[in-house]
Amino acid sequence: MLIATWNVNSVRARMERVLEFLEVHRPDALLLQETKVAQDQFPYLELAAAGYQAVDHSTGRWAGVAILVPDDVEVTDPVRGLAGEPLPAEARWVEATVRGLRLVSVYVPNGRSLADPSFPDKLRFLDAMRDRVATLAAAGPFLLGGDLNIAPTDADVWDPRRFVGTTHTSPHERARLQAVLDAGVVDVHRHVVEEPGFTWWDYRAGAFHRGLGMRIDLFLATPDVAERARRCGIDRDFRKGPKPSDHAPLLVAI
DNA sequence: ATGGTCGGTATCCGA
């Protein structure tokens with residue numbers, strides 16, 4: 001089973017690259033973040049023409065998440081939204097079961113800066129995520145993928161000194177991520193690959209070509225699923241070429 | 001020479 005997670009920074013602006021990705025990899029599930037689309041604008045027809053159905057959680061111009069699955073595969077028990085999240089209208093969490101595996105696509109709030117009013121909302125979202133992960137981990141095997149907007153360790157940013165006093169690396173966020181892990185999941189990419197590399201690079205300043213990135217897109221899975229992961233890595237080709245997202249897709253073969 | 005970018009029914013704000 002091949003599963004991918006990708007923050008596409010607008011599914012409509014990225015449609016050509018999304019279709020290219022589906023054609024190249026034919027994943028059994030593609031977890032999308034930042035679809036940035038209202039539900040009545042979601043590109044169901046174009047995806048259907050490529051052989052994929054979508055379970056999406058879409059509420060407007062920002063955020064938005066989805067799970068794409070081949071047409072001939074059954075998708076059951078969709079859940080849209082996360083119990084206890086501070087701003088449910090932002091559409092940052094969607095779940096569905098595919099081939100007996102519970103899947104989650106999540107887009108954790110950015111937080112902007114440590115002093116911004118939205119930063120406490122990021123921490124509250126992570127608290128709600130910990131509670132839901134504990135429930136899911138107790139219920140059976142599952143795999144969560146998404147943009148966590150946290151670099152788990154200093155090795156996951158291009159220059160940790162540049163991030164002192166900023167979001168994505170703060171002790172507050174890392175403590176919350178550790179609490180999520182303690183709820184019963186493993187960082188799959190890190191589990192499989194010794195030096196996982198980055199998943200995001202700023203559009204500005206030639207950051208990608210200069211290697212100035214971060215690893216903020218993660219797969220978190222119950223240990224049984226993590227042990228079954230044979231390969232895990234990013235496809236850098238999708239950070240190159242025409243109209244790339246600022247994130248590269250992360251894939252895992254189970 | 002310390003800039004440089006995208007996407008959003010936008011002309012600033014969010015990432």
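Quick note: numbers below take in every heavy atom, side chains included, and nothing from hydrogens, waters or symmetry partners.
When only modelled atom types and interatomic distance are considered, A:R14 and A:S245 share no side-chain donor-acceptor pair under 3.5 Å.
Distance from the side chain of A:W62 is smallest to B:dG14 among B:dT9, B:dG14, B:dG4. For A:R204, whose side chain is taken as the heavy atoms from C-beta onward, the closest listed nucleotide among B:dG7, B:dA15, B:dT9 is B:dA15. Closest approach to the A:E34 side chain among B:dG4, B:dA15, B:dA10 is made by B:dA15 (side chain taken as heavy atoms from C-beta onward). Counting only heavy atoms from C-beta on, A:R14 has its side chain closest to B:dC6 among B:dA15, B:dG8, B:dC6. Comparing B:dA15, B:dG8, B:dT9 by their closest approach to the side chain of A:Q41 singles out B:dT9.
With the nearest nucleotide of DNA chain B identified for both A:S118 and A:V11, A:V11 has the one nearer the 5' end. Each of A:K36 and A:G206 has a nearest nucleotide on DNA chain B; the 5'-most of these lies closest to A:G206.
Rounded to whole angstrom, the span from the CG atom of A:D246 across to the P atom of B:dG7 amounts to 9 Å. Atom pair A:H247:NE2 and B:dG7:P shows a separation of 13 Å (rounding to whole Å applied). Taking atom CZ on A:R210 and atom P on B:dG3, their separation rounds to 12 Å, with Å as the unit. Residue A:D202 contributes atom CG, which lies 13 Å from atom P of B:dG7 at whole-angstrom precision. Per the geometry, CD belonging to A:E90 stands 11 Å off P belonging to B:dG14, to the nearest Å.
Although no hydrogens or angles enter the test, the distance criterion places no donor-acceptor pair under 3.5 Å between the side chain of A:K36 and the main chain of A:R61.
Nucleic acid contact for A:F208: none, since no nucleic acid atom lies under 4.0 Å from a heavy atom of the residue.
Of the listed residues (A:V75, A:L103, A:T76, A:I67), just one forms a side-chain contact (heavy atoms from CB on, under 4.5 Å) with A:T97, and that residue is A:T76.
A:W6 and A:F238 have perpendicular rings, their planes meeting at more than 60° on a 0 to 90° scale where under 30° would count as parallel.
Taking atom C1' in both B:dT2 and B:dG7, one finds a spacing of 26 Å when rounded to whole Å.
Under 4.0 angstrom from either OP1 or OP2 of B:dT9 there lies at least one side-chain N or O belonging to A:R12. In this structure, A:R61 does not reach the B:dT9 phosphate: none of its side-chain N or O atoms is under 4.0 Å from OP1 or OP2.
Counting non-hydrogen atoms of other residues, nucleotides and ligands closer than 6.0 Å to CZ of A:R162 gives a total of 12 or fewer.
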